[in-house]
Amino acid sequence: MDTFFSTYGFLMVQMMLQALLGLSLYFPMMAGQLSLASPGFYALGGYIAAVISTKVVVTQGMYPFHLLLLEILLGAMASGVLALLVGIPALRLKGIYLALATIAFVEILRVVSLNLDITGGAVGIFGIPQPFANPLSYALLVLPLLILVAWFAARLERSRVGRAFTAIREDELAADAMGINPTYYKVLAFVIGAMVAGGIGAISAHFLNTWNARQGTFDAAINVLAYVLIGGSRTFWGAIVGGFALTALPEILRPLGDLRLIVNGLLLVIGAIYLPQGLIRPAWLAALGKRKVALVQPKGEL
Amino acid sequence: MKKQMYLPVAAVLLGIVAAQKTATPIPIGVSVAQTSNTALLGKEQVIGAQIAEEFYNGRGGINGTAFKLFFEDTGGDEAGAINAFQTQINKNRVVAIVGPTLSQQAFAADKIADAAKVPVIGPSNTARGIPQIGDFVARVSAPVAIVAPNSVRAALKINPSMKKAAVFYAQNDAFATSETGTFQETAKAQGLEVVTVQKFQTTDSDFTSQVSAALALKPDLAIVSGLAADGGNLVKQLRIAGYKGVIIGGNGLNTANMFPVCQQYCDGVLIAQAYAPTAPGALNAAFRTVYKNKYRKEPPQFTAQAFTAVQVIVEALRTLDKKSKVADMELADLRIKLNAQILIGKYNTPLGEITFDKEGEVQQKNFYVAQIKMNPDGKTGSFEFLK
């Protein structure tokens, strides 16, 4: 067991972080907005944490936990504000045009970070201090955060705001006619997603020991999109399962050596062809829920 | 078959991980990029490591005990490098790791190895700050700041009357960005005036604006830091625009892949390197012969450096083994002793004679400057080493 956790501790936390990143993309998608901006906010949050912990507050030994929380908060707030500024004009675009605009946004952030001195140019920032003794301990922070965000997503799906998101996703014109303000809700969904991505970036910078412009790229955006598409885009479980599965898959396939990426790609293609709605569908969850209720009820009477 | 599998599984489940003996053959980890776009470099490193494995095992291994290389792919990103390192340390139980390919990956993964007290030797990490990651991190790849100035000095030898230098670099490439800093400082230190610094991206193919802006200032030295395709195109466009002066290429242009790009215009470009296939020494001659017989071309720098990294570990193990059998040592103990031995040893490698300083920074004696000579067909050429 010891060996298992020391070998895969990093991977487990990485899976949770990627699931959270998947969730950050799921929020705008709830309102029908295909936004690929998550890695941009993720990179921004990471840079904020990296700069604070290496340049602003210089500490010896273990990095204080409360400062990490502060960085997460700052990363989320900065991403939220930026999302508001970018979202209002960008969300006038629809579908593929919005996706293109968000790709451009990620590219702009990347080029800016390459050219600034404070972000360390192309080499990036390294020697980021550790708030935890080993990679697995990050789970103490990341797992509750994942549960919190997932709980928030679950509550959101059933709330008035969540229903407004769904209405816009299904038919924006009809939603508008029913008195839902599409711009308001679309920007709201975009900002929520950005705040999650920014906060996750702040943790990831510590987690990876280093941060650079390669973290927020078009490639990363496509990866995160794949989490949601392969996992299923109609329930938050999809983003979580997709993030877990696609992060773990290359490592599970490691014994295959050179073949592993071929098998990995093959599984993705098969998934996309035979499960076009993703691994997790709301209908299945509903069926699962009913069975659970049926199982629990007799127990309740005892 | 099945029964044999139960025992280790049971041991793992019960958490029986008492003091670990070193496995035989002695495991050494090699984690470089075998996939992703970084694999262009990583594949060359794999070849170097494999040649070293065959070469040294054919010559008695560790004083009679064989060693085995474990290859775990890092991919091109930081998380991949950390996962590969974790597998090497905990699953393959290696005594030391050679890798990773990129400096950014090293900043992420070397810290993990350092915390686990496993020696790491960087075969190609050239950024500032790598040996300072921790006590267990060393490298055989000389940093940019040491290699690059040699070509400026060589250029001044060719044309001592040079005054103005124009500098070009790919701003999205980590290596090119730190290299250009060194080039600019060296040029100034050698009394040259840096008249312009032009930026481009490694994905660019049209350099008209950079070239015309630079040529308007009439430089007599052009310094290009980029990768093969973009650097090659920039060299070509500089020459087509009528530039007659000396051109210095950075390490990214240190590959024959550039020849088809700039063709006859590549001729005369100066490049400083940490390795020369024609360098003297019996070991380099043997290494070169093995490589040439297999691949019908000269070994590239990355292959020679990967060979050197494995060689350093093997020779340090041999020295340790003479004091007490390494195969009988406990793994954790061996890793610590091996690290100390790596740092104090002196190695005669294909790169020439190298040692390490206290931090693990390589101290290399010789560097080389090559000048590209294109054949009359304009498609093939070679690196001619200047004395």
Side-chain angles (χ1 to χ4, degrees), chain A residues 1-15 17-18 107 110-111 113-115 120-130 133-136 204-205 207-215 217 219-220 223 247-248 250-262 264-265, chain B residues 8 11-17 20 34-37 71-73 75-93 102-112 114-116 127-130 132-134 169-178 180-181 199 201:
Chain A
M1 233 37 197
D2 219 23
T3 327
F4 181 81
F5 280 117
S6 49
T7 311
Y8 295 112
F10 175 84
L11 181 64
M12 284 189 257
V13 177
Q14 176 75 0
M15 283 160 66
L17 287 170
Q18 296 300 312
E107 252 331 79
R110 188 179 71 87
V111 172
S113 62
L114 281 173
N115 280 287
V123 176
I125 298 172
F126 53 88
I128 300 175
Q130 293 300 308
N134 59 54
L136 186 62
S204 289
F207 187 56
L208 290 177
N209 305 314
T210 176
W211 203 250
N212 52 54
R214 291 160 11 110
Q215 305 307 321
T217 59
D219 294 11
N223 275 337
T247 310
E251 288 307 311
I252 294 171
L253 297 175
R254 186 173 276 286
L256 296 182
D258 283 351
L259 275 179
R260 69 181 179 133
L261 287 191
I262 299 176
N264 194 21
Chain B
V12 168
L13 286 177
L14 294 172
I16 306 171
V17 272
Q20 293 282 345
Q34 291 173 263
T35 57
S36 86
N37 51 5
F71 290 89
E72 295 292 352
D73 173 28
D77 64 341
E78 287 75 10
I82 293 180
N83 279 323
F85 269 49
Q86 298 277 29
T87 309
Q88 297 282 23
I89 295 165
N90 300 302
K91 246 182 148 178
N92 300 342
R93 301 182 192 290
L102 298 178
S103 294
Q104 291 109 319
Q105 291 180 305
F107 286 128
D110 287 4
K111 199 128 187 190
I112 300 281
D114 188 61
R128 193 173 48 85
I130 297 279
Q132 287 76 27
I133 294 172
Y169 76 98
Q171 56 160 324
N172 60 335
D173 185 68
F175 188 87
T177 319
S178 53
T180 194
K199 301 173 187 178
Q201 304 265 335

Taking all atoms of both residues into account, what is the closest heavy-atom pair of [X] and [Y], and its distance?
| X | Y | result |
| --- | --- | --- |
| A/Phe126 | B/Arg128 | CZ-O, 3.6 Å |
| A/Thr210 | B/Glu78 | CG2-CG, 4.1 Å |
| A/Arg110 | B/Asn172 | NH1-CB, 4.1 Å |
| B/Ile112 | A/Pro135 | CD1-CG, 4.0 Å |

- Item | Contact origin within B/Ala84 toward chain A - heavy atom pairs under 4.5 Å |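 Both parts, heavy atoms under 4.5 Å.
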- Task: Could you tell me which portion of B/Thr87 (side chain, backbone, both or neither) has an atom closer than 4.5 angstrom to a non-hydrogen atom of chain A?
- Result: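 Contact with chain A: backbone and side chain both.
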Under a 4.5 Å cut-off applied to non-hydrogen side-chain atoms, are [X] and [Y] in contact?
| X | Y | value |
| --- | --- | --- |
| A/Val123 | B/Phe107 | yes |
| B/Lys91 | A/Tyr8 | yes |
| B/Ile82 | A/Leu208 | yes |

- Query: Below 4.0 angstrom, N of the basic side chain to O of the carboxylate: do B/Asp73 and A/Arg260 qualify?
  - Reply: yes
- Stepwise, does the side chain to side chain contact (heavy atoms under 4.5 Å, CB included) test hold for B/Gln86 with A/Leu11? CA-CA 9 Å; B/Gln86 298 277 29; A/Leu11 181 64; over 6 Å; no
- Message: Between A/Asn209 (side chain only) and B/Lys111 (backbone N and O only), is there a donor and an acceptor less than 3.5 Å apart?
- Response: no
- Query: Can you tell me if A/Gln215 and B/Asp77 form a side-chain donor-acceptor pair at under 3.5 Å?
  - Reply: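 No donor-acceptor contact under 3.5 Å links the two side chains.
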